[in-house]
A.B. asks: 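Below: one structure in structure tokens.
Being a predicted model, the structure only gives us computed values, none of them experimental. Excluded from the calculations below are hydrogen atoms, water molecules and symmetry mates; all remaining heavy atoms, backbone and side chain alike, are included.
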Amino acid sequence: AVDITLRVWARRPARVPAGLHPTFRLPPAPGRVRVVLGPHDGIHSYPAQPAGAVSRLVSDTRSASLDSLAGVDGPIDLAHLPFAAPAEELLQVRAIGGQDGAAPFALHYLDYDACVGLWWDTAQLPDLLLWVSYGGRIHFPWMSSHLALGAEPVNSLFDPLYPAGLQWYW
């Protein structure tokens with residue numbers, strides 16, 4: 001177990017996005033990690049195509065579960081990673097929580113019979129940004145070689161680097 005305490009002291013009152021960004025290894029074999037989410041209020045795809053990346057999701061959509069997201073070529077299962085083809089996806093899970101002590105987010109590594117759970121204060125960081133990076137970032141420094149899943153508890157719209165000019169309404 002790894003326990004981390006984060007304290008932020010602002011010099012003056014401010015409203016700024018905040019988040020943590022743990023990143024988990026994805027194996028090269030497709031479908032060998034099962035992603036489990038706690039109860040939530042929906043999963044939203046990024047409202048634009050990511051720059052310099054291969055995305056397979058339809059942008060600006062909402063889904064009730066990870067196993068059937070709107071893809072450009074039909075439904076996509078993000079509950080079983082990695083994909084069989086390169087992809088770079090950003091998703092935001094709204095109002096996620098754990099249930100009966102279970103982690104709001106967990107990964108089951110099927111080849112190792114291992115499970116990794118992530119718990120955090122969902123009252124302070126109510127959403128979860130998922131960054132699926134499976135060879136879909138084609139430019140330097142990734143060069144299609146990054147295989148990971150970022151799971152970022154947040155209290156913001158997608159990301160502090162959210163592109164200016166895009167509108168997103170909850």
Side-chain angles (χ1 to χ4, degrees), residues 16-96 103-111 116 118 120 122 125-170:
V16 296
L20 306 173
H21 189 53
T23 303
F24 300 90
R25 175 189 167 277
L26 288 177
R32 301 310 301 157
V33 175
R34 188 166 57 95
V35 182
V36 179
L37 299 176
H40 56 81
D41 287 346
I43 302 164
H44 299 264
S45 64
Y46 197 66
Q49 289 296 311
V54 176
S55 175
R56 302 193 181 285
L57 291 177
V58 174
S59 57
D60 203 16
T61 60
R62 183 187 182 281
S63 176
S65 70
L66 279 175
D67 60 5
S68 186
L69 294 160
V72 293
D73 295 318
I76 293 181
D77 181 0
L78 276 170
H80 298 88
L81 295 175
F83 300 120
E88 185 77 14
E89 309 298 350
L90 289 173
L91 303 150
Q92 186 152 352
V93 184
R94 293 281 295 139
I96 190 169
F105 169 81
L107 296 177
H108 293 261
Y109 288 86
L110 303 176
D111 292 335
V116 177
L118 182 64
W120 67 92
T122 56
L125 303 170
D127 297 343
L128 179 66
L129 182 71
L130 295 176
W131 170 38
V132 180
S133 187
Y134 192 70
R137 285 226 176 249
I138 57 179
H139 298 297
F140 181 83
W142 300 278
M143 306 300 287
S144 299
S145 64
H146 191 246
L147 309 178
L149 173 63
E152 183 176 345
V154 295
N155 189 352
S156 71
L157 290 177
F158 272 94
D159 187 287
L161 302 177
Y162 189 80
L166 290 176
Q167 295 184 4
W168 188 261
Y169 302 99
W170 295 114

A.B. asks: What is the minimum heavy-atom distance between H40 and R94, and which atoms define it?
C.D. replies: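 Reported closest heavy-atom pair: CB-O, 3.3 Å.
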A.B. asks: Test side chain to side chain contact (heavy atoms under 4.5 Å, CB included) on F24 and L81 and set out the steps.
C.D. replies: CA-CA 12 Å; F24 300 90; L81 295 175; over 6 Å; no
A.B. asks: Does D127 reach the side chain of V93, with side-chain heavy atoms less than 4.5 Å apart?
C.D. replies: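 A side-chain contact is absent here, since even the closest heavy-atom pair is not under 4.5 Å.
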A.B. asks: Between P153 and P22, what is the shortest heavy-atom contact and its length?
C.D. replies: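 Minimum heavy-atom contact is CD-CD, 4.2 Å.
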A.B. asks: Side-chain donor-acceptor pair under 3.5 Å between E88 and S133, yes or no?
C.D. replies: yes
A.B. asks: Out of the candidates W131, F83, Y134, only one should pair with E89 under the side-chain contact (heavy atoms from CB on, under 4.5 Å) rule; please name it.
C.D. replies: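 Among the candidates, only F83 passes.
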A.B. asks: With respect to I43, which candidate in T61, L66, I96 satisfies the side-chain contact (heavy atoms from CB on, under 4.5 Å) definition?
C.D. replies: L66
A.B. asks: Taking the side chain as C-beta and beyond, is there a heavy-atom pair between L37 and F105 under 4.5 Å?
C.D. replies: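 Yes - at least one pair of side-chain heavy atoms lies under 4.5 Å apart.
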A.B. asks: What pairs meet the salt bridge (Lys or Arg N to Asp or Glu O under 4.0 Å) rule with one or both residues in residues 66-85, with sequence neighbours excluded?
C.D. replies: none
A.B. asks: Could you check if a side-chain atom of L57 sits within less than 4.5 angstrom of a side-chain atom of L91, using non-hydrogen atoms only?
C.D. replies: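 Result yes, sub-4.5 Å side-chain heavy-atom pair found.
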A.B. asks: Does S63 use its side chain to pair, donor to acceptor, with the backbone of S68 at less than 3.5 Å?
C.D. replies: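 Checked: pair present.
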A.B. asks: Taking the side chain as every heavy atom from C-beta outward, state whether P104 and L118 have any atom pair closer than 4.5 Å.
C.D. replies: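 Sidechains of L118 and P104: no contact.
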A.B. asks: Checking W120 side chain against L125 main chain: does a donor-acceptor pair fall under 3.5 Å?
C.D. replies: yes
A.B. asks: Distance from Q92 atom CD to E152 atom CD, nearest 0.5 Å?
C.D. replies: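 Answer for the CD-CD pair, Q92 versus E152, is 9.0 Å.
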A.B. asks: Is a side-chain N or O of Y109 found less than 3.5 angstrom from the main chain of R25, in a donor-acceptor match?
C.D. replies: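 Pair found, side chain donor or acceptor close to backbone of R25.
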A.B. asks: Scan residues 29-57 for pairs that pass salt bridge (Lys or Arg N to Asp or Glu O under 4.0 Å), counting only residues two or more places apart or in two chains.
C.D. replies: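 For residues 29-57: R32-D111.
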A.B. asks: Could you tell me whether a side-chain N or O of S45 sits under 3.5 Å from a main-chain N or O of D60, the two making a donor and an acceptor?
C.D. replies: yes
A.B. asks: Might you point out which heavy atoms bring P27 and P82 nearest each other, and give the distance in Å?
C.D. replies: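 Smallest heavy-atom distance, with atoms named: O-CG, 3.1 Å.
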A.B. asks: Taking atom CG of L130 and atom CG of L128, what is their separation to the nearest 0.5 Å?
C.D. replies: 4.5 Å
A.B. asks: Applying the side-chain contact (heavy atoms from CB on, under 4.5 Å) criterion to V132, which one of I76, L90, L78 satisfies it?
C.D. replies: L78
